[in-house]
Amino acid sequence: MTEQYRVGVIGAGNMGSAIINSISQNENYSIIASRRTEQALKEIKNQYEVEVTTDNNEVVSQSDVIILGVKPNNLDEVLKGTREFHNSQLWISIAAGKTIQSIEEVLGKDSRIIRCMPNIGMNYGTGVVAYSSNEACREYDIRTFEELFQGKATCFKTDEANMNLVTASASFMGNIGSMLDTFTKSLVKGGLSESEAKLLTRSILETNNYYISNGGGNIYEKVASKGGTTEAAEKHAITQGLHRIIEEMVLVSIKRCEELEK
Ligand SMILES: NC(=O)c1ccc[n+]([C@@H]2O[C@H](COP(=O)([O-])OP(=O)(O)OC[C@H]3O[C@@H](n4cnc5c(N)ncnc54)[C@H](OP(=O)(O)O)[C@@H]3O)[C@@H](O)[C@H]2O)c1
């Protein structure tokens, strides 16, 4: 790609900013971002050296590609509110639960629409993004999409029916964070310093990451011995229903996606 493409991000919140962070490092693209809070926009402008505005129409009228980073319940009002400036832009939605069909109902079937589900790993270069596109999208749009997102994430195309599962995984990122925080705090409660506790928590994560990345499955078998401490903790977890709860968490996330679809 030789010419500079203009990318608009409407709703530069947590995920929108993570995407801006990724795209701002690619000189093929210039960015204009919006949200309603001016102070937050100033911070985004300073941090990523991008243009900012509170006016979504400005974003839409100037952009070749528009990333919709608002919450699912704000999506329709944003699309309808900018209708006057809809042209031949490529639309990318990251909204949980919002189907391509529901976006087509506002933008029309001829609009090129990609629905994707990133995770917050995009902030740190460890992201994964799954995506589906509508029939109007061309090969070129998919290439543009991948170029935009792959700076900080691995992209894969999937059937739209799988998107709620991927959303459950993006949510689980936060749930795991919460569990790890509880674990770290319980070590501190027991007497370790915060830095010692964090060092141990990080080792758990990095070792599991290494193990999975190198073809291993569940590291449990490498850690647990008969009658040992890991087995004792696992038995307690099973008795208390931890594994069942994890499966249920996935289902609860999916159910919430389905509610957001409506
Ligand atoms: N966080 C994640 O890990 C994650 C992962 C995957 C997908 N997502 C999806 O990403 C979307 C955003 O989630 P988030 O966690 O980033 O939420 P968030 O931090 O609340 O970001 C949403 C942003 O939209 C802005 N906004 C609201 N109404 C607007 C309007 N009319 N015009 C322009 N901007 C507007 C809000 O800023 P102002 O109040 O200043 O306007 C806010 O910063 C959701 O659809 C979610 O499903 C999030």
Side-chain angles (χ1 to χ4, degrees), residues 7-23 31-45 47-48 50-63 66-83 85 91-100 102-103 106 113-132 145 148-149 152-156 158 160 162-178 249-250 252-262:
V7 179
V9 179
I10 298 182
N14 287 324
M15 201 59 226
S17 297
I19 293 168
I20 291 170
N21 178 21
S22 166
I23 301 172
I31 299 171
I32 178 164
S34 71
R35 60 182 289 171
R36 295 164 303 185
T37 316
E38 293 202 12
Q39 183 51 37
L41 280 177
K42 269 188 201 150
E43 286 161 24
I44 290 164
K45 182 183 168 78
Q47 192 169 356
Y48 303 111
V50 296
E51 266 183 64
V52 294
T53 176
T54 51
D55 183 359
N56 293 335
N57 283 331
E58 208 179 316
V59 176
V60 173
S61 62
Q62 288 186 19
S63 303
I66 296 154
I67 297 171
L68 298 159
V70 294
K71 297 267 191 197
N73 59 328
N74 294 127
L75 195 68
D76 283 4
E77 76 188 43
V78 163
L79 292 176
K80 287 176 183 160
T82 55
R83 205 193 289 267
F85 297 94
W91 297 87
I92 300 174
S93 165
I94 64 169
K98 277 281 175 187
T99 59
I100 289 177
S102 74
I103 300 171
V106 187
I113 300 164
I114 294 178
R115 174 186 176 190
C116 74
M117 186 43 61
N119 63 31
I120 203 71
M122 281 211 66
N123 241 340
Y124 318 107
T126 52
V128 174
V129 186
Y131 66 92
S132 308
F145 170 82
L148 284 172
F149 281 78
K152 297 263 183 181
T154 305
C155 303
F156 71 93
T158 190
E160 195 185 3
N162 294 329
M163 209 52 95
N164 289 354
L165 265 178
V166 180
T167 306
S169 86
S171 308
F172 200 60
M173 179 85 79
N175 303 129
I176 283 280
S178 214
M249 286 169 81
V250 175
V252 167
S253 280
I254 290 172
K255 186 162 172 274
R256 182 68 190 131
C257 281
E258 288 164 357
E259 286 165 4
L260 291 169
E261 248 167 57
K262 288 171 193 150

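Count residues from 1 along the sequence. Reckoned from all heavy atoms, side chains included, excluding hydrogens, waters and symmetry mates. Whatever order the structure lists ligands and atoms in, that order sets their numbers, starting from 1.
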Notebook entry, point to check: So which heavy atom in the protein is nearest atom 24 (O) of ligand 1, and how far is it from that ligand atom?
Noted result: Gly11 CA, 3.4 Å
Note to self: Whether Glu38 and Lys42 form a salt bridge (side-chain N of Lys/Arg under 4.0 Å from carboxylate O of Asp/Glu) is what I want to check.
What the structure shows: no
Item checked: Proximity to ligand 1 by part of Asn56, non-hydrogen separation under 4.0 Å -> side chain
Checklist line | Minimum-distance protein heavy atom relative to atom 2 (C) of ligand 1 | finding: Met15 SD, 3.9 Å
Notebook entry, point to check: What heavy-atom pair brings Val106 and Lys80 nearest, and what distance separates the two atoms?
Noted result: CG1-CG, 3.8 Å
Check: In ligand 1, which numbered atoms sit nearer than 4.0 Å to a non-hydrogen atom of Pro72?
Finding: 44 (C), 45 (O)
Check: Between Thr167 and Cys257, which heavy-atom pair has the shortest distance, and what is it?
Finding: CG2-SG, 3.4 Å
Check: For Pro72 and Lys98, which heavy atoms make the closest approach, and how far apart are they?
Finding: O-CE, 3.4 Å
Checklist line | Any pair counted as side chain to side chain donor-acceptor pair (under 3.5 Å), so long as it reaches residues 118-129, sequence neighbours left out | finding: Asn21-Asn123
Next item on the list: Taking all heavy atoms of Met117 and all of Ala170, pick out the closest pair and write down the distance.
Entry: SD-CB, 4.2 Å
Notebook entry, point to check: To which protein heavy atom is atom 10 (O) of ligand 1 closest, and what is the distance rounded to 0.1 Å?
Noted result: Ile94 CD1, 3.2 Å
Note to self: Using a plain distance cutoff, I'd like to know if Asn119 has any nitrogen or oxygen under 3.5 Å from a nitrogen or oxygen of ligand 1.
What the structure shows: no
Next item on the list: Measure the distance from atom 28 (N) of ligand 1 to every protein heavy atom, then report the residue, atom name and distance (to 0.1 Å) of the closest one.
Entry: Arg36 CZ, 3.3 Å
Note to self: So that I can tick it off, tell me whether Glu258 and Lys255 are bridged by a salt bridge, with the cut-off set at under 4.0 angstrom between side-chain N and carboxylate O.
What the structure shows: no
Next item on the list: Below 4.0 angstrom from a heavy atom of Glu77, which ligand 1 atoms are there? Numbered from 1 as shown, please.
Entry: 31 (N)
Check: Do you know the tightest heavy-atom contact between Gly11 and Val70?
Finding: CA-CG1, 3.8 Å
Item checked: Closest protein heavy atom to atom 21 (O) of ligand 1, given as residue, atom name and distance to 0.1 Å -> Gly13 CA, 3.3 Å
Check: Identify the closest protein heavy atom to atom 12 (C) of ligand 1: which residue and atom is it, and at what distance?
Finding: Gly69 O, 3.1 Å
Next item on the list: Report the distance from atom CD of Glu77 to atom CG of Asn56, rounding to the nearest 0.5 Å.
Entry: 9.0 Å
Next item on the list: Please say whether Ala170 places an N or O atom under 3.5 Å from an N or O atom belonging to ligand 1.
Entry: no
Check: Taking the side chain as C-beta and beyond, is there a heavy-atom pair between Ser253 and Phe172 under 4.5 Å?
Finding: no
Next item on the list: Please work out whether any backbone atom (N, CA, C, O) or any side-chain heavy atom from C-beta onward of Met117 is under 4.0 Å from ligand 1, and answer side chain, backbone, both or neither.
Entry: side chain
Notebook entry, point to check: What are the two closest non-hydrogen atoms of Ile44 and Ala12, and how far apart are they?
Noted result: CD1-O, 3.3 Å
Notebook entry, point to check: Where on Leu75 is there a heavy atom closer than 4.0 Å to ligand 1, on the side chain, on the backbone, on both, or on neither?
Noted result: neither
Item checked: Closest approach of any protein heavy atom to atom 44 (C) of ligand 1, naming residue and atom -> Val70 O, 3.5 Å
Margin query: Under 4.0 Å from a heavy atom of Thr37: which atoms of ligand 1 are those, numbered in the order shown and with their elements?
Written below: 38 (P), 39 (O), 40 (O)
Notebook entry, point to check: Judged by non-hydrogen atoms, does Met173 sit under 4.0 Å from ligand 1?
Noted result: no
Next item on the list: Using a strict 4.0 Å cut-off to heavy atoms of Ala96, name the atoms of ligand 1 that fall inside it.
Entry: 45 (O), 47 (O)
Margin query: Considering non-hydrogen atoms of the protein only, which is the closest contact for atom 19 (O) of ligand 1, and what is the distance?
Written below: Asn14 N, 2.9 Å
